[in-house]
Amino acid sequence: MGDGEKFQLGTIGALSLSVVSSVSIVICNKALMSTLHFIFATTLTSWHLLVTFCSLHVALKMKFFEHKPFEQKAVMGFGILNGISIGLLNLSLGFNSVGFYQMTKLAIIPCTILLEILFLGKKFSRRTQFSLVILLLGVGIATITDLQLNALGSFLSFLAVITTCVAQIMTNTIQKKFKVSSTQLLYQSCPYQAATLLIIGPYLDKILTDLNVFAFKYTTQVTFAIVLSCLISISVNFSTFLVIGKTSPVTYQVLGHLKTCLVLAFGYVIVRDPFSWRNILGILVAMVGMLMYSHFCILENQQKSIETAAQALQAREGESDPLINVENGSTILNKRPPIWNKEKD
C-alpha cells in the first residue's frame with residue numbers, strides 16, 4: 001500500500017470518527033440538558049477538556065505517542081484562543097435566537113476562506129466555492145427558522161466567528177509548521193483550553209441560565225450522563241484536531257454541517273422531533289453540496305498528485321542526464337575531444 005493510499009485511509013478514518021463521536025455526544029448532551037436539566041454548557045466543555053488532557057497524559061505515560069515540545073507562546077495563545085471561541089459561541093447562542101445562531105455557524109466557512117486567501121495566499125476553485133454555496137444554502141433551509149437581531153448578540157456572534165476561524169486555521173498551520181501530530185498539539189494545548197473555560201465557564205453559565213453550577217443537585221443519573229459525555233468528548237476532541245490536520249479548516253466545517261443534518265435526521269427517527277418539508281429539502285440540498293465538495297476536493301488532490309509526480313520525475317531525469325549543457329559563458333561538458341598534432345608531439 002502506497003503513502004497516498006495510507007493517507008486517504010487515514011483521512012476517511014478521521015472523518016468517520018469525527019462524525020460518529022460528534023453525533024454521539026450531541027445525543028448524550030441533549031439527554032443531559034433536556035431530560036436531566038443540566039444546562040451548564042460552558043462548564044461541561046471545560047470538564048470535557050480536562051478529562052481529555054488526563055486521558056492523553058495516561059496515553060503518554062504508556063508511550064502511545066511521543067511528547068514533542070515546541071514554541072510555548074504559540075501553544076498558550078492557541079489554547080486560550082480556542083477556549084475563548086467556545087465561550088463566545090455559547091454566549092452567541094444565549095443572546096441570539098436559534099436562527100441567528102445557525103447563521104453565525106454558517107458564516108464560519110466563508111470567513112475562513114476569506115482569511116486563508118488574505119493571509120495564507122490559499123486559492124479555492126470556482127467549482128469548490130459553488131459547492132460550498134449549495135451546502136450553506138441547504139443547511140440554512142434546514143436549520144434557520146427565525147432571525148431576531150440585537151446589537152449585543154450580533155457583536156458576540158461576530159467575535160465568535162472570527163475567533164473560531166482563526167483557532168481552526170491555527171490548528172492546521174501549527175501542525176504543519178512545527179511538524180507535530182494532532183495528538184501532540186491537543187496534549188499541549190488542552191491545559192490552556194481547560195483552564196480558560198474552568199475560569200470563565202461558571203460565570204458565563206450564571207449569566208446565561210441565572211443558575212449556579214455548583215448548587216446543582218447531582219443525582220446518580222446526572223453524574224453518569226456527565227461521565228459518559230466526558231468519555232465521548234475524548235474522541236470528539238482528538239478527531240477534531242486529526243481532521244483539521246489531515247484536511248483543512250473548511251473541510252472540517254463542511255463535516256460539521258453534515259453532523260448537523262445527521263442530528264436532525266436522528267432526532268426525527270429516534271425521539272420523534274418535529275420535522276417539516278423545509279428540513280427534508282434543506283438536508284437534501286446540503287447533501288448535494290457535500291457530495292459536490294467531496295468530489296471536487298478528490299479531483300483537485302489527484303491533479304496535485306499528478307503534478308507533484310511529474311515534477312519529481314523531471315528532477316530525477318535532470319540528475320541522471322550525464323550531458324549538462326550550460327550556456328552563456330559556463331562550462332560545456334559535451335565538447336568534442338581535442339585533436340592532437342602528431343608533428344608537435
Side-chain angles (χ1 to χ4, degrees), residues 7-26 82 85-86 89 101-117 120 122-144 160-173 175-176 182 235-266 279-304:
F7 180 80
Q8 287 181 352
L9 283 176
T11 303
I12 292 170
L15 295 172
S16 303
L17 178 63
S18 180
V19 170
V20 171
S21 57
S22 296
V23 172
S24 299
I25 203 168
V26 166
N82 252 319
S85 71
I86 293 169
L89 281 170
Y101 174 71
Q102 289 297 336
M103 281 290 293
T104 299
K105 291 175 68 177
L106 292 179
I108 292 174
I109 284 183
C111 182
T112 301
I113 291 174
L114 181 62
L115 290 176
E116 288 194 316
I117 291 172
L120 300 179
K122 194 169 181 180
K123 295 181 180 179
F124 295 85
S125 64
R126 291 189 178 226
R127 57 189 185 182
T128 300
Q129 294 176 30
F130 177 71
S131 65
L132 290 173
V133 169
I134 299 296
L135 164 67
L136 296 177
L137 177 65
V139 177
I141 293 172
T143 60
I144 297 172
V161 169
I162 296 297
T163 53
T164 301
C165 292
V166 173
Q168 291 181 359
I169 291 172
M170 286 179 69
T171 304
N172 183 271
T173 54
Q175 290 186 54
K176 288 178 168 58
S182 55
S235 177
V236 173
N237 291 322
F238 173 71
S239 62
T240 296
F241 279 59
L242 192 62
V243 168
I244 296 176
K246 283 187 171 292
T247 57
S248 70
V250 173
T251 299
Y252 176 71
Q253 284 299 321
V254 171
L255 190 68
H257 292 308
L258 170 62
K259 297 171 196 173
T260 301
C261 294
L262 289 175
V263 168
L264 284 173
F266 286 153
N279 299 126
I280 298 171
L281 175 63
I283 289 174
L284 291 176
V285 172
M287 293 302 294
V288 170
M290 288 174 203
L291 291 172
M292 290 172 63
Y293 177 80
S294 301
H295 177 65
F296 294 148
C297 282
I298 291 169
L299 289 179
E300 289 173 9
N301 287 334
Q302 288 176 345
Q303 183 64 32
K304 287 179 183 177

Enumerate, atom names and distances included, each donor-acceptor pair closer than 3.5 Å involving a side-chain atom of residues 284-291, sequence neighbours excluded.
none

Show which side-chain atoms of residues 128-137 pair as donor or acceptor with protein atoms under 3.5 Å away, not counting sequence neighbours.
from, atom 1, to, atom 2, distance (Å)
Thr128, OG1, Ser125, OG, 2.8
Thr128, OG1, Glu300, OE2, 2.9
Gln129, NE2, Phe124, O, 2.8
Ser131, OG, Thr128, O, 2.6

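Of the inter-residue distances, the one linking Ser248 atom OG with Lys122 atom NZ reads 4.5 Å to the nearest 0.5 angstrom. From Cys111, atom SG reaches atom CD of Glu116 across 10.5 Å, with rounding to the nearest 0.5 Å. Once rounded to the nearest 0.5 Å, the distance linking CG of Leu15 with OG of Ser294 reads 8.5 Å. Atom CZ in Phe241 sits 10.0 Å away from atom CD in Gln168 (nearest 0.5 Å).
Partners of Tyr252 under the ring-ring contact (aromatic ring centres under 6.0 Å, His included) rule, at least two apart in sequence or in another chain, do not exist in this structure.
Atom NZ of Lys123 has 12 or fewer heavy atoms from other residues, nucleotides or ligands within 6.0 Å.
Between Tyr101 and Leu89, the shortest heavy-atom contact is CE1-O, 3.4 Å. Annotation for Val243 and Ser18: closest pair CG2-CB, 3.9 Å, computed over non-hydrogen atoms. For Gln253 against Ile108, the heavy-atom pair with the smallest separation is CD-CG2, 3.4 Å. Residues Ser239 and Ser21 come closest through the heavy atom pair OG-OG, 3.6 Å. Of all the heavy atoms in Ile169 and Pro249, the pair that sits closest is CA-CG, 3.7 Å. Closest of all the heavy-atom pairs between Ser182 and Leu242 is OG-CD1, 3.2 Å.
Checking side-chain atoms of Asn172 against main-chain N and O of Ile244 turns up a donor-acceptor pair under 3.5 Å.
Of the options Ile283, Ile109, Leu106, a side-chain contact (heavy atoms from CB on, under 4.5 Å) to Val139 is made by Leu106 and by none of the others.
Judged purely by distance below 3.5 Å, without hydrogens or angles, the side chains of Lys246 and Thr251 never pair a donor atom with an acceptor atom.
Side chains of Lys105 and Thr143 form no contact here, defined as non-hydrogen atoms less than 4.5 Å apart.
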